[in-house]
Amino acid sequence: MNYRSKGKGQRSKTTMIAALLLVASLAQAQRPAIGPAVRPFVRSDAAVIALTNARVIDGTGAPAREGQTIVLRDGKITALGASGSVTVPAGAETIDLAGKSVLPGLVMLHEHLYYPTGPGMYGQLGLSFLRLYLAGGVTTMRTGGNLNGYVDFNLKRGIDSGIVAGPAMDATAPYLNGGPFPLRQVRILKGPDDARKMVAYWADEGATSFKAYMQITRAELGAAIEEAHKRGLKVTGHLCSVTFAEAAKLGIDNLEHGFMVATDFVPNKQPDVCPAGARQQAFAAFDPAGPVASALIRELVARKVAITSTLTVFETSVPGRPVPPGLEVLVPQLREQFERQHAAIARQTDTLQGVTLKREMAMELAFAKAGGLLVAGTDPTGYGGVIPGYSNQRQVELLVEAGFTPLEAISIGTLNGAKYLGRDAQIGTIAVGKQADLMVVAGNPAAQISDVRNVEIVFRLGVAYDPKKLIESVKGSVGLH
Ligand SMILES: [Zn+2]
């Protein structure tokens with residue numbers, strides 16, 4: 001399926017050329033000089049690095065290959081094969097990876113540079129989050145909504161120019177939403193023309209993606225999609241007032257959080273109104289194997305709408321689930337705030353959240369098996385506890401719990417994200433000619449998925465980063481910067 005061709009018919013010649021130039025510049029992601037704020041986290045930036053005796057899990061879903069050598073040169077993979085068959089170039093820095101696995105860097109599409117710090121308020125955590133994402137093996141991320149205006153774009157430029165440590169970033173504009181809206185950091189659209197104007201403004205400021213939210217009207221969403229597609233940019237949504245089927249017809253590219261937030265199943269749903277309270281009950285009551293579910297899946301697959309799985313953020317609200325990983329990086333107040341609420345949820349006896357999570361997993365599996373593009377993200381919002389990097393690994397584990405094989409789950413977290421972004425020729429898998437964006441983990445996640453947590457080295461554009469140093473630099477202070 002070609003996810004890049006969407007909306008092409010609406011583009012004018014000039015914007016087509018602009019889009020082609022953009023694609024060309026993305027294709028040649030340059031390895032920037034390493035700035036002084038990034039240098040402390042670099043383990044090696046040798047021009048040629050050979051990884052030997054590695055187990056390679058290439059991200060395509062193919063079985064793991066043992067005893068491989070990978071040669072990285074100037075940010076690209078230039079050789080890959082059985083250790084005896086690949087010559088290690090003279091002068092290469094060699095890293096022996098016996099007992100370890102090499103995976104593509106994660107490509108995750110529902111990330112944020114903010115975190116819930118108080119009731120209804122979100123604090124900007126760009127610098128610490130970017131380090132944690134990179135430490136966790138994320139080499140490309142899309143922010144799935146922006147509450148902070150220019151920060152995402154400025155940090156993206158900082159990463160691209162080598163002065164900020166972090167993954168490559170697809171930066172999303174501030175939310176597109178109607179009113180009334182409880183989030184105090186979001187602007188309220190005044191109608192379809194306003195939506196078009198807002199998309200145009202942020203596209204000019206450097207937004208490479210857009211996100212619609214729960215109170216947008218169909219007219220506003222349609223106008224926003226049209227304007228974004230004219231510029232070769234994509235629109236995703238965490239919707240409520242607009243159903244998934246309506247959004248698919250309007251040409252949306254992606255829907256966040258899977259089917260749990262769909263209002264398609266709510267009886268007597270009023271057009272353009274978010275029936276927030278009725279949504280979860282309707283989802284818990286409906287049959288994931290029934291005709292309503294399969295008709296919606298067929299519609300989304302036919303219209304090439306990708307679905308983002310964000311099981312990590314839902315898991316925190318389900319009684320009896322494990323405490324999420326990575327809480328130790330938070331400032332003590334935020335950590336205690338989360339732990340108190342998590343403990344209160346653990347004492348609940350209501351089974352609705354648990355039923356909903358299982359149902360969501362079943363729907364995501366059914367969507368992927370029906371040929372839909374399922375992508376992954378973490379969504380570090382909710383009431384907290386979804387910690388960048390750690391939760392990206394957890395998200396891959398949860399896909400296995402949903403019924404995917406470990407190899408499929410890894411592919412969803414790497415190749416599928418790259419496909420959605422239209423960058424699968426450069427990233428998302430391990431192959432000669434691809435960008436050297438890789439994660440090295442101890443153990444074998446193809447056999448035991450929890451081994452994705454054992455990240456020892458992360459390569460981005462062939463530069464080896466040290467996850468321990470990245471984490472150490474923010475430990476106990478995440479919440480402040
Ligand atoms: Zn989100």
Side-chain angles (χ1 to χ4, degrees), residues 106-118 120-126 129-130 132-133 136 138 140-149 151-152 155 167 169-178 181-187 202 207-216 221 224 234-242 244 247 252-263 274 276 279-280 306-317 324 338 357 360 364 374-392 394-395 398 413 417 420-421:
L106 298 173
V107 181
M108 291 261 173
L109 302 190
H110 192 130
E111 309 315 318
H112 289 299
L113 300 183
Y114 63 81
Y115 182 89
T117 47
M121 292 302 283
Y122 295 86
Q124 173 60 39
L125 300 186
F129 271 23
L130 288 171
L132 291 172
Y133 277 121
V138 180
T140 300
M141 61 183 261
R142 177 187 69 182
T143 52
N146 161 353
L147 282 180
N148 306 284
V151 181
D152 289 31
L155 287 175
M169 187 161 59
D170 197 61
T172 295
Y175 289 85
L176 299 164
N177 200 31
F181 186 59
L183 278 189
R184 292 159 205 144
Q185 290 150 288
V186 172
R187 180 173 176 271
W202 287 106
T208 48
S209 156
F210 290 87
K211 177 156 172 209
Y213 204 60
M214 293 168 70
Q215 282 82 12
I216 197 165
L221 180 60
K234 289 183 173 180
V235 179
T236 190
H238 170 181
L239 300 179
C240 181
S241 48
V242 180
F244 278 21
I252 203 162
D253 301 283
N254 186 192
L255 290 161
E256 301 302 306
H257 306 302
F259 297 86
M260 193 188 280
V261 302
T263 49
C274 170
R279 198 183 52 186
Q280 200 180 19
I307 292 281
T308 309
S309 170
T310 61
L311 298 169
T312 36
V313 69
F314 296 137
E315 185 185 32
T316 54
S317 296
F338 174 79
L357 182 67
E360 176 56 34
E364 291 179 8
L374 185 69
V375 297
T378 62
D379 195 12
T381 61
Y383 69 96
V386 180
I387 310 299
Y390 297 91
S391 59
N392 298 89
R394 180 66 184 152
Q395 172 62 29
L398 289 171
Y420 178 80
L421 295 175

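Counting starts at 1 for both ligands and their atoms, in listed order. Note that the coordinates shown come from a computational prediction; the quantities given were computed from them, not determined experimentally.
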Step by step, work out the side-chain contact (heavy atoms from CB on, under 4.5 Å) result for L311 and E360.
-> CA-CA 8 Å; L311 298 169; E360 176 56 34; 3.9 Å; yes
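Taking 2.8 Å as the threshold, H112 counts as a candidate ligand of the Zn ion (ligand 1), since one of its N, O or S atoms lies below it. Backbone or side-chain N, O or S atoms of H110 reach the Zn ion (ligand 1) at under 2.8 Å. For the Zn ion (ligand 1), the N/O/S atoms of E256 include none lying under 2.8 Å.
Shortest distance from the Zn ion (ligand 1) to D379 is reached at OD1 (N/O/S atoms only).
Here the rule is ring-ring contact (aromatic ring centres under 6.0 Å, His included) with H238, and of F210, Y213, F244 only Y213 fits it.
Across all their heavy atoms, C240 and M214 have their closest contact at CB-O, 3.5 Å. A pairwise comparison of heavy atoms in T316 and G384 identifies CG2-O, 4.0 Å as the closest pair.
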